[in-house]
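Please read the structure below before turning to the comments.
Every chain is numbered from 1 and lettered A, B, ... according to where its sequence line falls, protein lines coming before strand lines. Please read these numbers as outputs of a predicted model, since none were measured by experiment. The analysis underlying the following values was restricted to heavy atoms, covering all of them including side chains, and did not include hydrogens, waters or symmetry mates.
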Amino acid sequence: MKPVKFFNSLGRRLQEFEPLEPAHVRLYTCGPTVYDRIHIGNLRTFIFEDILRRTLRFFGYRVTQAMNLTDVEDKIIAAALEAEVDIDTFTAPHVESFFEDLAALRVERVEHYPRATEHVAEMIAMIERLLAAGYAYRADDSVFFRIAADHDYGKLSGIDLDQVRRGQRVQSDEYGKQDARDFVLWKGAKEGEPEWPSPWGPGRPGWHIECSAMSRKYLGKTFDIHCGGVDNLFPHHENEIAQSESANCCPLARYWLHSEHLTVDGEKMSKSLGNCYTLGDLLDRGLPARSIRYLLASVHYRQQLDFTFDKLAEAGRALKRIDDMRFRLAHEAEKDGDSASLDLAASDFENAFAEALADDLNTAAALGAVFTFVHAVNGFIDHGLPPGARARVQAALDRADQVLAVLDVGEWAGSPEAGGGLSDAEIDALVEARSDARASRNFAAADRIRDQLSEAGVVVEDTPHGSRWKRA
RNA sequence: GGCGACGUGGCCAAGUGGUAAGGCGAGGGUCUGCAAAACCCUUAUUCGCCGGUUCGAAUCCGGCCGUCGCCUCCA
């Protein structure tokens with residue numbers, strides 16, 4: 001098992017990764033709040049986490065991952081109230097579209113998707129422990145976490161709450177608390193809001209406690225990696241640490257990985273700017289899901305990524321280079337090439353690829369290795385493929401694609417319309433007719449067929465060994 | 001005000017001390033009946049600016065300029 005290094009937000013440094021249990025990684029990733037369709041910024045984070053998960057397995061670890069679904073929270077309650085339905089009815093379609101979006105981008109299903117509404121009992125139990133230990137207090141019908149009681153509060157974000165400029169949101173909190181820094185664990189019920197019984201009367205859980213309770217249930221008091229977007233670093237993850245470590249008396253997670261945000265046309269996504277794209281928005285424009293995954297995965301996760309349609313098109317052209325090589329490889333006969341040097345190129349690629357991933361998930365460098373290999377294989381195709389070359393190249397690419405899930409176009413639902421409705425057999429027949437025409441030097445007829453195929457989205461390539469075709 | 005990140009060729013983007021990966025674009029070439037497609041080659045003596053450390057710096061240190069993010073809704 002190769003040593004893998006990650007940049008740990010807790011301590012802000014690159015660290016060699018070592019799981020608590022040998023060969024088994026327990027991973028918690030903050031999931032969506034299911035009040036709307038998720039946007040491509042969310043998707044960037046989920047793709048990063050997917051690549052993390054796949055990378056861990058690539059290096060031989062077994063992964064147990066939990067991703068929560070926040071299905072009760074202020075925005076959900078407000079929207080459900082507005083729609084005059086209960087929150088479960090309101091969130092159901094958003095949960096569904098969330099899974100659809102992930103599937104469309106080939107994000108793997110994880111082991112657990114716990115929902116907040118199904119774990120209120122665990123949250124109450126944790127709040128009771130915090131109250132008993134003096135880390136929490138009741139005020140009105142609510143319960144708050146007492147930050148003054150937590151001596152190492154702020155260790156993740158480095159934020160010193162005494163230095164924080166007091167924003168309006170702090171002042172305007174509706175629930176009474178002893179100290180403006182404190183955050184809510186349990187909110188007393190309000191008229192018209194969903195509520196659960198508790199030792200403190202009816203109410204609902206605060207946002208932060210959800211993750212603390214659910215990660216403990218599915219991964220244990222201390223687990224290996226906790227991920228999320230940078231915006232969650234403070235206050236959400238800071239508060240999770242405060243709650244969990246105060247309640248459990250042991251560290252929450254050993255490694256904290258945060259992915260940077262996606263901007264659109266250089267600006268933060270926001271509804272008012274109209275640049276808040278969902279996956280559906282992009283797919284509706286006919287943009288391929290595969291290009292989207294490639295683009296979102298192609299920049300290092302700790303680097304801000306600026307999304308533009310130009311870059312998405314570029315991503316598609318880059319993928320085409322890979323597809324073209326595979327197409328040529330599939331149509332080129334193996335004969336007398338240098339087997340040893342092809343094998344060397346393949347193992348160079350495999351080593352460079354693994355090394356890049358092991359270096360804090362450097363997907364940009366890993367893709368660089370892919371293209372260097374593509375170049376090398378193109379050279380073999382031009383100068384002679386040794387016996388076994390196709391299988392060797394295929395194996396190397398397949399292994400890399402276990403992590404990237406983007407290299408093999410065949411794994412992506414192609415557009416069935418491509419080819420203008422022509423079947424493979426019909427295209428074969430047309431290409432053959434064209435070859436016959438060319439052989440008899442009837443170029444006008446040959447060009448007519450070529451135009452016909454072109455209009456149907458089929459590209460014909462003439463090679464020294466005859467013509468071949470592919471769908472554009 | 002506090003905390004943090006970033007600034008590499010036309011565009012994007014790797015690279016944390018040893019002499020600039022990769023992709024897109026552009027230019028040239030090969031192949032071709034002509035094309036197309038594809039492939040190949042070329043494309044940064046230089047890494048925001050100024051100093052410093054070092055035999056050696058895009059990489060370390062200091063200063064400056066610029067961009068961005070977080071500071072209790074937010075992936």
Exercise. Is there a donor N/O on one and an acceptor N/O on the other, under 3.5 Å, for the side chain of A:R302 and the base of B:rC6?
Worked result: no

For this session: Kindly say whether, by distance alone, the side chain of A:K268 makes a donor-acceptor pair under 3.5 Å with the base of B:rC74?
Result: yes

Exercise. So what does A:R321 touch, heavy atoms closer than 4.0 Å: a base, only the sugar-phosphate, or nothing?
Worked result: sugar-phosphate

Exercise. Going by modelled atom types, is there a donor-acceptor pair between the base of B:rA35 and the side chain of A:R450 at under 3.5 Å?
Worked result: yes

For this session: Look at A:N239 and B:rU72 and indicate whether a side-chain polar atom (N or O) is within less than 4.0 Å of OP1 or OP2.
Result: no

For this session: Would you check if there is a donor-acceptor pair between the side chains of A:E73 and A:T33 at a distance under 3.5 Å?
Result: no

Exercise. What about A:D462, does its side chain sit under 3.5 Å from the base of B:rA35 through a donor-acceptor pair?
Worked result: yes

For this session: Looking at every strand, decide which applies to A:D324 at a 4.0 Å heavy-atom threshold: base, sugar-phosphate, or nothing.
Result: sugar-phosphate

For this session: Write down the distance between CD1 (A:I449) and P (B:rC34), rounded to a whole number of angstrom.
Result: 19 Å

For this session: Write down the distance separating the P atoms in B:rA37 and B:rC70, rounded off to the nearest Å.
Result: 43 Å

Exercise. Counting only side-chain N and O atoms of A:K320, is one of them less than 4.0 Å from OP1 or OP2 of B:rG23?
Worked result: no

Exercise. Rounding to the closest angstrom, what is the interatomic distance between B:rC60 and B:rG69 at atom C1'?
Worked result: 26 Å

Problem set entry | N or O in side chain of A:H375 less than 4.0 angstrom from B:rC41 OP1/OP2 | yes

Exercise. Closer than 4.0 Å, any side-chain N/O of A:R317 to the OP1 or OP2 of B:rG25?
Worked result: yes

Exercise. Looking at A:F443, does the NZ or CZ of A:R450 lie under 6.0 angstrom from its six-membered ring centre and within 45 degrees of the ring axis?
Worked result: no

Exercise. B:rA36 and B:rG22: how far apart are their C1' atoms, nearest whole angstrom?
Worked result: 27 Å

Problem set entry | Salt bridge present between A:R434 and A:D462 (N-O < 4.0 angstrom) | yes

Problem set entry | Nucleotide paired to B:rA38 in any strand shown, Watson-Crick or G-U, under 3.5 Å | B:rU30

For this session: Determine the contact category for A:G41: base if any of its heavy atoms lies under 4.0 Å from a base atom, sugar-phosphate if only primed atoms, P, OP1 or OP2 are that close, otherwise nothing.
Result: base

Exercise. Roughly how many Å is it from CE in A:M325 to C1' in B:rC40, rounded to a whole number?
Worked result: 16 Å

Problem set entry | Whole-Å P distance, B:rC24 and B:rC41 | 13 Å

Exercise. Taking N and O atoms by type only, does the side chain of A:Q304 place a donor or acceptor under 3.5 Å from a partner on the base of B:rG69?
Worked result: no

